[in-house]
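Step one of this worksheet: look at the structure below.
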Amino acid sequence: FGDIPAFICLWINFLLICPVGIAASALIFSLYILKPVFPDCDIPEEGLALIAACIFCLLIAVNCHDVKWAAKVQVVITASKLIALAIIIIIGMYYIIGKGETENFQNAFEGSDYRAGAIAISFYSGFWAYSGWSYLNFLVGELVEPNKNLPRAIMISMTLVIVTYLIANVAYLGVLSPGEMLQSPAVAVTFGERTMGIMAWLMPVLIALSVTGTMNGTALSMSRLFFVGAQNKQFPTFMSMIDMKRMTPSPSLLVILLLTMLYVSSKDIFFLIEMEGFGFASVLTMVFAGQVYLRYKEPSIPRPIRVHIALPISLFLISLGIVILTFYQKPKESFMALGLVAIGLFLYFIGTWKQKPKEITDKINSFNILIQKLLIVIPPDNADEVDWE
C-alpha cells in the first residue's frame, strides 16, 4: 500500500506495542515481587513503578553490552518459566485427580459477559499471552534456513504454549475458584500460598523471572525492527547506528527504554494491556490486508512461505472486527491511540520533507553527531551484513 501505511505499522509498533507491552510486563514483575511483602494491603504505586523501572534498565544494559549475554539470560528465564508452569500443573492435577477437587468446574462460566464488545476486549488478553510468535519474524535474518525453520518454530512453539497454558489454567481451577482468580492481583502467588506452604516464596520469584523473559525478548527483537526502519528512512538516522565495539543497536534500545519509562508511570497494568492489544490488532489488520492485496496484485512474486488465501482473509476479517468493536467498547482508549497515530503521521511528513530549511537540517545533523559522540555509535557500512553476535 506504499510508504505511509508501512510507517503507520512501524509507528504503532514503536509507540504502542513495544514500550506499552514492556511497561505492562515490568509492572507485572514488580507486582509478583512485592505482593509477598504486602500480602494483606495494596502495594504502594511508587514502589511498583520504581522496581519496574529498575529491572528494565538492567535488561537494557545487558542488551546494550552484549547480545550473547541477552541470549543467555533468555535461556535461564525460559527455564524458570517452564519450572513455574510444571509446579502449577503438577500441584493442580494432584488436587483435581488425587483429591477430587472438581467443584470449581461446576458452572465455571457462570456470570460471563458474552457481548460482542466484551469478547473483542478479551482477545487482547489472548494477544498478550500468545503474541510471541510474531517476534520470531523480526529475527528471521538470524535463523538457519528460515524458509523451513520459521514455520516450524511458530507451529511447534504455539502448540506447546497453547497446550501448556490451557493445562495450567485447568490446574488453577483445582485450587482456586473463578471468583478468587478474578479477585487476585497475582494468581500464581495466591495459588502458591494455598498449596506450597513455606515454599510459597518460590512461585512469585519464578513468575517474575518468566515475565523478565518477555521484556528481554521484546527489547531484543523490536530494537532490530526499529534499526531496520531507520535504515529505510522511516525513523531518525541515529536509530540506524550501532555500537562501534559491541555491535549492538544501543540507540534503538535506549529509545525503547525512554518510552517504556513514560508508560510505566501510568501504573495501570490492564490499561496498558488493552492499549497494546488495540495496537497489535490494528497492525494485524493492515498486515493481513496487505497479504491479500499482494496475492491478487502480484501473483507471480516468489513466496518461500506460502499459505492458502483463505487464511489471511479470515484473519483480516477477525482483526478488523476486533478493532471496530473496540471503538464501541473502549472509545476513550481507541481515540487516544488514533491521536498517537496522527502525531506519527505529522512527524512522518516533517521527516520526509525534502526541502527542509538549512537551519533545521543543520540541527538534525548536529543532534546525530551528538548522539554518535555520547554513545560511540556509527552507521554500519552494510546493514544486511551486521553480525549481531
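All values below come from the heavy atoms of this structure, side chains included, with hydrogens, waters and symmetry mates left out.
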Between the side chain of Asn216 and the main-chain N/O of Thr212, is any donor-acceptor distance below 3.5 Å? no
Please report the interatomic distance CD1(Ile51) to CD1(Ile33), rounded to the nearest 0.5 Å. 8.0 Å
Could you pull out the closest heavy-atom pair between Pro379 and Met241, with the gap in Å? N-CG, 3.9 Å
Does Leu173 reach the side chain of Pro178, with side-chain heavy atoms less than 4.5 Å apart? yes
Checking Phe14 against Met239 for the side-chain contact (heavy atoms from CB on, under 4.5 Å) test, could you report, in this order, the C-alpha distance in whole Å, the side-chain angles of both residues, the deciding distance, and whether it holds? CA-CA 12 Å; Phe14 176 72; Met239 292 182 66; 3.9 Å; yes
Can you check side-chain contact (heavy atoms from CB on, under 4.5 Å) on Tyr263 and Ile22, steps first, answer last? CA-CA 9 Å; Tyr263 286 114; Ile22 293 174; over 6 Å; no
Given the rule that I, L, V, M, F, W and Y join up when any side-chain heavy atoms are under 4.5 Å apart, are Ile378 and Val228 in one cluster? no
Ile88 versus Ala168, closest heavy-atom pair with distance: CG2-O, 4.0 Å
Is it the case that one hydrophobic cluster holds both Leu340 and Phe349, taking links as side-chain heavy atoms less than 4.5 Å apart, direct or via other members? yes
Does Ser240 reach the main-chain N or O of Pro236 with its side chain, forming a donor-acceptor pair under 3.5 Å? no
In the structure I gave you, are the side-chain heavy atoms of Leu10 and Gln234 within less than 4.5 Å of one another anywhere? yes
Heavy-atom check, side chain of Tyr348 versus side chain of Trp11, under 4.5 Å: no
Side-chain donor or acceptor of Glu101 paired with backbone N/O of Ile96 under 3.5 Å: no
Tell me whether the NZ or CZ atom of Lys99 lies within the 45° cone about the ring axis of Tyr95 and under 6.0 Å from its centre. yes
Go through the steps to decide whether Thr260 and Ile256 satisfy the test side-chain contact (heavy atoms from CB on, under 4.5 Å), and finish with yes or no. CA-CA 6 Å; Thr260 301; Ile256 291 173; 3.9 Å; yes
Verify the cluster assignment for Leu258 and Ile17: are they in a single hydrophobic cluster under the rule of side-chain heavy atoms below 4.5 Å apart? no
Are Ile87 and Met203 side-chain neighbours, meaning at least one heavy-atom pair lies under 4.5 Å? yes
CG of Leu294 to CD of Gln291: how many Å apart, nearest 0.5 Å? 8.5 Å
Answer yes or no: is there a side-chain heavy-atom contact under 4.5 Å between Ile89 and Thr164? yes
Any side-chain heavy-atom pair from Ile309 and Tyr296 closer than 4.5 angstrom? yes
Please round to the nearest 0.5 Å and tell me the distance separating atom CG of Leu176 and atom OG1 of Thr195. 8.5 Å
Look only at the side chain of Ser319 and the backbone of Phe316, and say whether a donor-acceptor pair between them is shorter than 3.5 Å. no
Verify same cluster id: Leu150, Met155 (apolar side-chain graph, 4.5 Å): no
For Phe56 and Met261: C-alpha separation, side-chain torsions, deciding distance, then whether side-chain contact (heavy atoms from CB on, under 4.5 Å) applies. CA-CA 9 Å; Phe56 189 59; Met261 293 302 101; 4.1 Å; yes
Has the side chain of Asp243 got a donor or acceptor atom that lies under 3.5 Å from a matching backbone atom of Thr248? no
Test item: Val255 and Phe238 side chains (from C-beta on) under 4.5 Å apart, heavy atoms: yes
Ser25 side chain to Met215 backbone, donor-acceptor under 3.5 Å: no
What's the shortest heavy-atom distance between Met286 and Cys9, and which atoms? CE-SG, 3.6 Å
Specify the closest pair of heavy atoms between Phe29 and Ala208, including all atoms of both residues, with the distance to one decimal. CD1-O, 3.2 Å
Ile369 side, atom CD1; Ile364 side, atom CD1 - distance, nearest 0.5 Å: 12.0 Å
State, to 0.1 Å, how close Val187 and Tyr32 come at their nearest heavy-atom pair, and which atoms those are. N-OH, 3.5 Å
Gap separating the OG atom of Ser177 from the CD atom of Gln183, nearest 0.5 angstrom: 7.5 Å
Has Leu347 got more than 12 heavy atoms of other residues, nucleotides or ligands less than 6.0 Å from its CG? yes
Given 3.5 Å as the limit, does a donor-acceptor pair link the side chain of Ser30 with the main chain of Ala52, or not? yes
Within the structure provided, determine whether Arg152 and Asn149 are in side-chain contact (heavy-atom separation under 4.5 Å). yes
Closest non-hydrogen atom pair, Arg224 against Pro249: NH1-CG, 3.7 Å
Indicate, with yes or no, if Leu82 and Leu206 share a hydrophobic cluster defined by side-chain heavy-atom contacts under 4.5 Å among Ile, Leu, Val, Met, Phe, Trp and Tyr. no
Whether Phe235 and Phe226 hold their rings parallel, tilted or perpendicular, with breakpoints at 30° and 60°: tilted
Distance from Leu50 atom CG to Glu45 atom CD, nearest 0.5 Å? 13.5 Å
